[in-house]
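Shown next, in structure tokens, is the structure this report addresses.
Below, read A as the first sequence line, B as the second, and so on, with proteins coming before strands; counting in each chain starts at 1.
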Protein chains: 2
Amino acid sequence: MDRVPLVRIGEVLLVALRMDVGDRLALTLQDDIASAISEQGSRCVLIDISALEIVDTFMCRTIANMAKMSGVLDAETVVVGMRPAVAITVVELGMNLRGVRTALTVEQGLAVLGHRVQSTNR
Amino acid sequence: MDRVPLVRIGEVLLVALRMDVGDRLALTLQDDIASAISEQGSRCVLIDISALEIVDTFMCRTIANMAKMSGVLDAETVVVGMRPAVAITVVELGMNLRGVRTALTVEQGLAVLGHRVQSTNR
């Protein structure tokens, strides 16, 4: 079955959402994230939605649920890469992303979560 | 169309491969990686194959090609997250991953590429 890739970067779990997350995949994703957090001891979840051109109410609720669920498992969540058009839609349709922290880029999301990617060459 | 998510982390481009990369998706992926490197000025490409339980000769060739192409665009490539069974298959079938650097985890791959993820809380 098709799955959303979860990438473990130290204690950060990176979730790269794509366009086609339907109802069933969203439920599997919640399971996968919960398992990954508990098995890998992730402390932070970074949800990258930069590939999403449209976010509907279902997707909003899914993201909010994932953040709540991670919170219950003691992991912080930050949503990164929201496109301007998506931000406008979220506000105009009065969708609820309450309690979900956001950042512009993955680096800024990591910074919010108290991490940074550093080049060791310089 | 379905696409493999590319996540930009600073000057690192993270490619999270999933199970179902077929011929057409592989070609699109090469295009996407090349565009991303040139548009975002990525210096390093990290290909995470931890989701792959099987790697066939086509996938091997695709990965090797992506590494070569990134090299032409002056970006280093490291393949991370290879499963033990995949490593055995690669060797037993005499598949060619010459010129492709590997690391066990994303953090170690970042280290090979001269980056590290650091917690700023401690």
Task: Contact residues of residues 101-108 of chain B (partner chain A; heavy-atom separation under 4.5 angstrom) - done: V106(B), E107(B)

Which heavy atom in [X] sits nearest to a heavy atom in [Y], and how many Å separate them?
X      : Y      : answer
I37(B) : S70(B) : CD1-OG, 3.7 Å
C60(B) : V90(B) : SG-CG2, 4.2 Å
I54(A) : V86(A) : N-CG2, 4.3 Å
I63(B) : I49(B) : CD1-CG2, 4.1 Å
A67(B) : T77(B) : CA-OG1, 3.6 Å

TODO: May I ask you to name which of D48(A), V7(A), V12(A), L110(A) has the most heavy-atom pairs under 4.5 Å with chain B?
DONE: V7(A)

- [ ] Check whether any side-chain heavy atom of C44(A) lies under 4.5 Å from a side-chain heavy atom of V78(A), and answer yes or no.
- [x] no

